[in-house]
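Input: a single structure, listed below in structure tokens.
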Amino acid sequence: MSNRPKSITKNLSLNDTGETGGHQAGMLIPKGGDVLRFFPTLGKDEKNPRTSMYFYDENGKAWKLNFIYYNGKFYGGTRNEYRLTGMTAFFRENGLKAGDTITLTHENDNDVICYKRQAQPVVKEIHNEKGQINKRIVLGSSWKVIHY
DNA sequence: AGCCATGCACCG
DNA sequence: CGGTGCATGGCT
């Protein structure tokens, strides 16, 4: 639809921050939308292609993130999704939790990473058929895109 | 489609 | 040898 967005923001999930005990070290990038356009194009010419991207925080510190296209679906597997990995150090340094947001901005050939803490996560209780209560953090629309 | 979860390779 | 991230399977 349009060109590369100026900025994208993600509302962090429990899995993104590692609070679920996972260690996948990366968050999912939705396919087919403007969010994906923020990143370089990765095709299916090779399996699981990737590129490194450097983002700078407010202190000028560089963070190396890896943008990977898991495209195993086209190589006999099932995966077909994009991920941005290598973020756990940034999450830890800033104490980020699910419900917080991280924003990636591209401006004047400068890639910037920043974050925003959510004051109080909204927790939703889900009652299942066995009478158990599961808690889950409510995420607004996960992604937000800002164009030039 | 998106989030949750994990076996194992790698590396300090 | 313990923590981290890759690559992938699983669940909703």
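Just the heavy atoms: all of them, side chains too, but no hydrogens, waters or symmetry mates, feed the values below. Convention: sequence-line order gives letters A, B, ...; per-chain numbering from 1.
Between A:Leu36 atom CG and B:dA1 atom P there is a gap of 12 Å when expressed in whole angstrom units. Protein atom CG of A:Asn15 is 17 Å distant from nucleotide atom P of C:dT8, rounded to whole Å. Whole-Å rounding puts the A:Glu81 CD to C:dT8 P distance at 11 Å. Between A:Leu14 atom CG and C:dT12 atom P the separation is 16 Å, expressed in whole Å. Computed from coordinates, the A:Leu28 CG to C:dG10 C1' distance equals 15 Å when rounded to whole Å. The distance from atom CG of A:Asp16 to atom P of B:dG2 is 12 Å, rounded to the nearest whole Å. Straight-line distance from the NZ atom of A:Lys73 to the C1' atom of B:dA1: 11 Å, rounded to whole Å.
Contact check, A:Thr20 against B:dA5: a side-chain N or O comes under 4.0 Å of OP1 or OP2. Remark: A:Ser13 is in phosphate contact with B:dC4, judged by side-chain N or O atoms under 4.0 Å from OP1 or OP2.
Remark: side-chain polar atoms of A:Asp111 are not paired, donor with acceptor, to backbone N or O of A:Leu104 under 3.5 angstrom. Formation of a donor-acceptor pair under 3.5 Å by the A:Tyr75 side chain with backbone atoms of A:Lys44 is found in this model. No donor-acceptor pair closer than 3.5 Å links the side chain of A:Glu81 to the backbone N or O of A:Tyr70. In this structure, A:Arg79 contributes its side chain and A:Phe74 its backbone to no donor-acceptor pair below 3.5 Å. With hydrogens and angles ignored, the 3.5 Å screen pairs no side-chain donor or acceptor of A:Asn80 with any backbone N or O of A:Tyr69.
Partners of A:Ser52 under the side-chain contact (heavy atoms from CB on, under 4.5 Å) rule, at least two apart in sequence or in another chain, are A:Lys64, A:Asn66.
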Please test A:Glu19 against A:Thr17 for side-chain hydrogen bond (donor to acceptor under 3.5 Å, both in side chains), starting from the C-alpha separation and ending with a verdict.
CA-CA 6 Å; A:Glu19 290 173 78; A:Thr17 58; 2.6 Å; yes
Verdict with supporting geometry, A:Arg37 and A:Asp34, salt bridge (Lys or Arg N to Asp or Glu O under 4.0 Å)
CA-CA 5 Å; A:Arg37 253 179 280 277; A:Asp34 286 335; 3.2 Å; yes
Interface polar pairs with nucleotides 10-12 of chain B, N/O, under 3.5 angstrom:
none

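Where A:Gly21 and A:Arg79 meet DNA chain B, the nucleotide closest to each residue was compared, and A:Arg79 sits on the side nearer the 5' end.
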How does protein reach along nucleotides 2-7 of chain C, written 5' to 3' as B (base within reach of a heavy atom under 4.0 Å), S (only sugar-phosphate), or - (no contact)?
--SBBB
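Rounding to the nearest 0.5 Å gives a distance of 6.0 Å between CG of A:Asp16 and CZ of A:Phe91.
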